[in-house]
Amino acid sequence: MGFGKTPLKDLSRSVRGRRVLVTGGASGMGRATAWLFAREGAIVALTDIDAEGAEEVARGIRDEGHDARAWMLDAGDRDSIHATVPKIARALGGLDVIVNNAGISAKVPFDDLDYDANWDRNIAVTLTGQQAVIRAAIPFLTESDAPRIVNIASTEALGASAGFSAYSAAKAGVIGLTRSFAVELGRRGITVNCLCPGPILTGMTDHLSEEDRTTFARRRTALRRYGDPMEVAHITLSLALPAASYITGAVIPVDGGLSTRHA
Ligand code: NAD
């Protein structure tokens, strides 16, 4: 547990050999994260409700000579999480890093007929799902010499857009979950941090027209552009390093300056 006898200056700045579980790995940020960790030498368990998509990504990673295996995991099904995470941990010989990335998003205003169903699904997949993955992984993370959890929230947890109350509430819940588990799990040496991505080009945003995306990014972000999923993956990887040993409970926007820019 913790970093044991390794002098702080020698803590690794590599994820080589780290056993990493990524949820929602079949697309977007999860896919970029799985690729990045695998390229850096990690052993990646790529999970998704889209089993075929996850397998395709894992195969692509293996074809380049890296280590990735796919599992079907529905982040909205607590029982399946508690059954599957231990199986993954045993297959990998343990777990060092959890990336809670799976998520859904839809514009559903307060008076929409689907409001309640969308609310329940967002809370189940995004909030209860992250909580269940973490709780199922704790026994294995406790055995790691540098256990790391990175939860993906959103800038929608810091501000809000009309019609996204379920998404926004679930993502704000992720911030609370991150802080609370950071405090509770600190004594086990487990760090728990959270990223708030801004506008990123993924499956979640590809329904928007190029023009809408460009206009939004120019008006709202400091960098005047959408982000690439890999730009989020790089920050996730940084927080997962053994050397990232004294950052926990942090809520970090990865948003091209959206949450900073006023005018
Ligand atoms: P994406 O749609 O490209 O990928 C989401 C992945 O999650 C898909 O592979 C999908 O199959 C999977 N998934 C959906 N429901 C699932 C479930 N029940 N169980 C397991 N997997 C499930 O979108 P993305 O943008 O890469 O999303 C990744 C995360 O980033 C999400 O949590 C999302 O809310 C968050 N996020 C995205 C943006 C953005 O602009 N794209 C901004 C802020 C936060």
Side-chain angles (χ1 to χ4, degrees), residues 21-36 45-58 60 70-81 83-85 88 98-107 117-118 120-133 136 150-161 164 166-175 177-178 194-208 212-213 216-217 220-221 223 225-233 235-236 251-256 258-259:
L21 187 160
V22 181
T23 69
S27 173
M29 278 179 241
R31 178 172 53 201
T33 302
W35 265 104
L36 186 65
L46 216 140
T47 71
D48 205 288
I49 194 169
D50 173 5
E52 248 174 62
E55 181 49 44
E56 201 181 315
V57 177
W71 272 269
M72 202 307 258
L73 183 69
D74 178 358
D77 180 346
R78 205 185 336 213
D79 293 341
S80 132
I81 290 170
T84 309
V85 170
I88 294 173
I98 301 294
V99 182
N100 259 321
N101 162 83
I104 49 170
S105 162
K107 185 169 185 173
N118 179 60
D120 290 348
R121 190 78 188 138
N122 267 276
I123 299 299
V125 172
T126 297
L127 187 52
T128 311
Q130 293 203 9
Q131 170 264 102
V133 169
V150 181
N151 297 327
I152 303 300
S154 169
T155 45
E156 290 294 327
L158 308 173
S161 307
F164 287 89
Y167 184 77
S168 201
K171 291 299 193 183
V174 167
I175 292 180
L177 188 77
T178 299
C194 162
L195 299 185
C196 291
I200 311 292
L201 277 171
T202 68
M204 208 168 263
T205 50
D206 66 4
H207 64 282
L208 302 168
D212 283 355
R213 283 199 297 257
F216 177 86
R220 300 293 309 281
T221 69
L223 295 176
R225 63 175 176 84
Y226 257 61
D228 186 277
M230 197 52 84
E231 295 181 285
V232 180
I235 308 303
T236 300
V251 178
I252 303 171
V254 185
D255 64 353
L258 179 140
S259 55

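Numbers here are sequence positions counted from 1. Read the numbers this way: they start at 1 and go in the same order the structure lists the ligands and their atoms. Quick note: numbers below take in every heavy atom, side chains included, and nothing from hydrogens, waters or symmetry partners. Computed from a prediction, not measured in an experiment: that's the story for all the values here.
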Requested in this report: Taking only Lys NZ, Arg NE, NH1 and NH2, and the carboxylate oxygens of Asp or Glu, determine whether R31 and E56 approach each other closer than 4.0 Å.
Outcome: no

Requested in this report: Start with the C-alpha distance between D74 and R121, add both sets of side-chain angles, then the distance that settles salt bridge (charged side-chain N to carboxylate O under 4.0 Å, His left out), and finish with yes or no.
Outcome: CA-CA 12 Å; D74 178 358; R121 190 78 188 138; 3.7 Å; yes

**Report entry** Contact residues of ligand 1, where a non-hydrogen atom lies under 4.0 Å away
**Finding:** G24, A26, S27, G28, M29, D48, I49, L73, D74, A75, G76, N101, A102, G103, I104, R121, V125, I152, A153, S154, Y167, K171, P197, G198, P199, I200, T202, G203, M204, T205

Report summary line: Sequence neighbours excluded, the answer for side chain to side chain donor-acceptor pair (under 3.5 Å) partners of N118 is N122

Report task. Could you list the residues that satisfy side chain to side chain donor-acceptor pair (under 3.5 Å) with D48, not counting sequence neighbours? Result -> none

Query raised in the report: How would you list, by chain and number, every residue that makes a side-chain contact (heavy atoms from CB on, under 4.5 Å) with A136, sequence neighbours excluded?
Result: I81, H82, V85

Requested in this report: Enter the distance from T126:OG1 to N151:CG here, rounded to the nearest 0.5 Å.
Outcome: 11.0 Å

